[in-house]
Amino acid sequence: MQIGVDCDKAVDNRRVYVVDADEVTRAAVGFMLADECATHEFADLDSAFAHARDFAPDLVILGRAIVEAGGHGVFAQVAARGARAVVLAESGARDYANACLAAGARGVIYKPLDIAAVRAKVDAFLGRLARTTFSLQPI
């Protein structure tokens, strides 16, 4: 049973690649997004790009180790494949996050990770409109 999952998003079939050398973070982000996106997890960018030949991603979430290993050129590599690149960063790493944004990252997801916040950010990066809810008040 899926709890708190928007059915429209679940069948939207947007592909999100989570590429992080840290297995725990990679699995956590993948788990948070699995119900509403076609989520794929990879330990390195080469594996992700090999998989992208058959299943092109819409969004690639990159861990810090991946960015540091590949340099800021990874953002251009992701963009060349038609996807948006987003980085994971510690909440205190504003300088790192700003450098990534200046180099071509489309956004930042800050840690600590929260399921609602991660889903909301990914929705925004994918261009999904947020649903507004309202209640009717008696006159």
Side-chain angles (χ1 to χ4, degrees):
M1 172 185 262
Q2 298 172 330
I3 299 172
V5 176
D6 185 341
C7 292
D8 292 337
K9 292 177 189 174
V11 297
D12 186 16
N13 209 21
R14 295 292 192 87
R15 288 189 187 91
V16 177
Y17 286 12
V18 182
V19 186
D20 197 335
D22 178 11
E23 183 178 2
V24 174
T25 302
R26 185 174 69 235
V29 174
F31 176 78
M32 291 177 183
L33 299 175
D35 290 336
E36 295 182 348
C37 302
T39 307
H40 305 272
E41 302 168 25
F42 302 97
D44 59 75
L45 209 48
D46 291 335
S47 299
F49 288 155
H51 189 75
R53 286 186 214 128
D54 297 324
F55 304 100
D58 297 296
L59 181 70
V60 179
I61 301 172
L62 300 167
R64 186 171 186 151
I66 301 300
V67 175
E68 289 176 347
H72 287 155
V74 298
F75 304 122
Q77 292 174 357
V78 170
R81 286 165 171 78
R84 296 179 179 121
V86 175
V87 295
L88 291 169
E90 297 294 333
S91 61
R94 301 291 177 177
D95 292 340
Y96 165 74
N98 289 335
C100 289
L101 291 169
R106 298 293 294 269
V108 181
I109 297 174
Y110 288 104
K111 297 176 184 178
L113 300 172
D114 172 83
I115 191 165
V118 170
R119 284 182 177 179
K121 284 215 170 207
V122 167
D123 285 346
F125 296 136
L126 290 173
R128 292 175 170 163
L129 296 176
R131 291 191 177 197
T132 55
T133 58
F134 60 92
S135 60
L136 298 175
Q137 301 295 323
I139 298 177

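Counting from 1, the numbers follow the sequence of the chain as shown.
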Any idea which heavy atoms bring [X] and [Y] closest together, and the distance?
{"X": "Y17", "Y": "A48", "result": "CE2-O, 3.4 Å"}
{"X": "M32", "Y": "V118", "result": "SD-CG2, 3.8 Å"}
{"X": "Y110", "Y": "S91", "result": "CD2-CA, 3.9 Å"}
{"X": "P57", "Y": "A83", "result": "O-CB, 3.4 Å"}

Linking I/L/V/M/F/W/Y whenever any side-chain heavy atoms sit under 4.5 Å apart, do [X] and [Y] land together?
{"X": "L101", "Y": "L88", "result": "no"}
{"X": "F125", "Y": "F75", "result": "no"}
{"X": "I109", "Y": "L59", "result": "yes"}
{"X": "V29", "Y": "V19", "result": "no"}
{"X": "V18", "Y": "I115", "result": "yes"}

Just do the salt bridge (Lys or Arg N to Asp or Glu O under 4.0 Å) check on D20 and R26 with the steps written out, would you? CA-CA 6 Å; D20 197 335; R26 185 174 69 235; over 6 Å; no
Do [X] and [Y] have side chains that get closer than 4.5 Å, going by heavy atoms?
{"X": "L126", "Y": "V16", "value": "yes"}
{"X": "V108", "Y": "Y96", "value": "no"}
{"X": "T25", "Y": "K111", "value": "yes"}
{"X": "V67", "Y": "H72", "value": "yes"}
{"X": "T39", "Y": "F31", "value": "no"}

More than 12 heavy atoms of other groups within 6.0 Å of R106 CZ: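 Not buried by this count: 12 neighbours or fewer within 6.0 Å.
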Can you confirm whether more than 12 heavy atoms, excluding those of F49, are under 6.0 Å from its CZ atom?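 Counting other residues, nucleotides and ligands, CZ of F49 exceeds 12 neighbours.
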From [atom1] ([X]) to [atom2] ([Y]), nearest 0.5 Å:
{"X": "R14", "Y": "E36", "atom1": "CZ", "atom2": "CD", "value": "12.5 Å"}
{"X": "R15", "Y": "L33", "atom1": "CZ", "atom2": "CG", "value": "15.0 Å"}
{"X": "D46", "Y": "Q77", "atom1": "CG", "atom2": "CD", "value": "8.5 Å"}

Determine whether R64 and D22 satisfy the following criterion, salt bridge (Lys or Arg N to Asp or Glu O under 4.0 Å), listing intermediate values before the conclusion. CA-CA 9 Å; R64 186 171 186 151; D22 178 11; over 6 Å; no
Classify the ring geometry between H51 and H40 as parallel (under 30°), tilted (30 to 60°) or perpendicular (over 60°).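 It falls in the tilted class, 30° to 60°.
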